[in-house]
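In each ligand, atom 1 is the first atom listed, and ligand 1 is the first ligand listed.
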Amino acid sequence: MIFLKTDDEIELLRQSNLLVGKTLAEVAKLIKPGVTTKELDRVAEEFIRDHGAIPTFKGYPSPYGGPFPGTLCTSVNDQVVHGIPNDVPLKDGDIVSVDCGTLMNGFCGDSAYTFCVGDVDPEIRQLLQVTKEALYLGIENAVHGKRLGDIGFAIQSHCEAKSYGVVREFVGHGIGHEMHEDPQVPNYGKRGSGTMLKKGMCIAIEPMITQGSRQIVMERDGWTVRTKDRKFAAHFEHTVAVGIGKADILSSFEYIEQVLGDKSI
Ligand code: MG
Ligand code: MG
């Protein structure tokens, strides 16, 4: 069942999502060769709790493994999503996708950004750039009267035109009191197909794009999803409210990009 949100509810969702953006900016300040993803996770959890919110990923149940142990999902290089923060230092040339979720005043925030660690190969930087472009092309279609397939089509066609893979097994989602609500929001689809979008629908759009084949495997930890061919993957996510003529982006990359400056993708 899809819950349409009132304007007041959308403002509460915005607050939770802006906190996610600010948390990711705190993480951005620390990303460099030598830092561990566990250290990023510790800083993120403290920042979220200091702002009176709860990290929603922590303790999230999985049908395949134990509850998720981190505040962040940190997915390095060939890891696509749901990487578990660990003690392995990031290296020059790595990329790390950082996904973060909060619960504040009863509403969820959910946003993700893929960061470069030091000097990253231009081909990989292009993967990040195209994935981020695809996210915004998807968002352009999150308007009243369009359909879910229009979002998926915009993302898929942009990425496949560059011969990248579009992950199918994991998708975006509705968001509100719960982190994962209806509908599912695939990153692939046919124009004009699927559920009609209505003002007040709030959805997380999150392309997961691979440099090579779109095939993925899950690691034995029951969480970490990586590419089967071990090529790199990128993940960008915004939470948006469907609007008349224009989507309202509730999360923000502005804080992150202030930190990154001219190193932004
Ligand atoms: Mg997320
Ligand atoms: Mg999400």
Side-chain angles (χ1 to χ4, degrees), residues 2-3 5 13-28 37 40-41 44-45 47-48 53-62 67-76 79-85 95-104 107-115 128 131-132 134-136 138-139 142 148 151-152 155 166-188 201-209 216 223-226 233-242 247 249-253 255-256:
I2 298 173
F3 298 103
K5 275 75 178 182
L13 269 165
R14 190 190 313 278
Q15 285 175 28
S16 195
N17 276 283
L18 289 179
L19 178 61
V20 173
K22 290 173 185 170
T23 306
L24 290 174
E26 292 302 305
V27 168
T37 48
L40 304 179
D41 192 71
E45 179 170 5
F47 189 81
I48 290 167
I54 294 168
T56 39
F57 297 175
K58 198 154 197 169
Y60 200 84
S62 160
F68 192 78
T71 284
L72 303 174
C73 294
T74 52
S75 308
V76 179
Q79 298 176 348
V80 183
V81 286
H82 304 163
I84 298 174
I95 57 171
V96 57
S97 303
V98 182
D99 194 348
C100 180
T102 54
L103 177 67
M104 190 164 77
F107 284 91
C108 288
D110 189 6
S111 180
Y113 197 92
T114 303
F115 296 93
L128 272 52
T131 305
K132 194 169 138 189
L135 168 60
Y136 284 104
I139 290 171
L148 276 173
I151 296 175
I155 293 170
V166 177
V167 171
R168 310 274 179 120
E169 292 85 349
F170 295 88
V171 295
H173 48 90
I175 181 166
H177 289 304
E178 302 287 335
M179 182 165 59
H180 294 130
E181 297 186 356
D182 288 337
Q184 293 201 339
V185 183
N187 297 303
Y188 58 91
M201 277 175 68
C202 292
I203 53 176
I205 303 178
E206 48 180 316
M208 292 153 247
I209 306 301
I216 53 168
W223 281 104
T224 311
V225 174
R226 69 160 169 86
H235 179 212
F236 287 85
E237 176 179 24
H238 268 315
T239 292
V240 308
V242 172
I249 304 178
L250 304 178
S251 47
S252 175
F253 294 158
Y255 307 106
I256 299 169

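- Excluding waters, the set of protein N/O/S atoms under 2.8 Å from the Mg ion (ligand 2) reads Asp110 OD2, His173 NE2, Glu206 OE2, Glu237 OE2.
- Listed by chain and number, the residues in a side chain to side chain contact (heavy atoms under 4.5 Å, CB included) with Tyr136 are Lys132, Ile139, His238, Ile249, Phe253 (sequence neighbours excluded).
- Remark: Thr56 engages Leu103, Cys108, Met179 in a side chain to side chain contact (heavy atoms under 4.5 Å, CB included) (not counting sequence neighbours).
- At distances below 3.5 Å, at least one donor-acceptor pair connects side-chain atoms of Thr114 with backbone N or O atoms of His235.
- The backbone N or O of Ser252 lies less than 3.5 Å from no partner atom in the side chain of Asn17, so there is not a single donor-acceptor pair.
- Looking at residues two or more places apart in sequence or on another chain, you find a side chain to side chain contact (heavy atoms under 4.5 Å, CB included) between Gln184 and Val171.
- Exactly one residue among Asp110, Ile151, Thr239, Asp182 makes a side-chain contact (heavy atoms from CB on, under 4.5 Å) with Ile203. That residue is Ile151.
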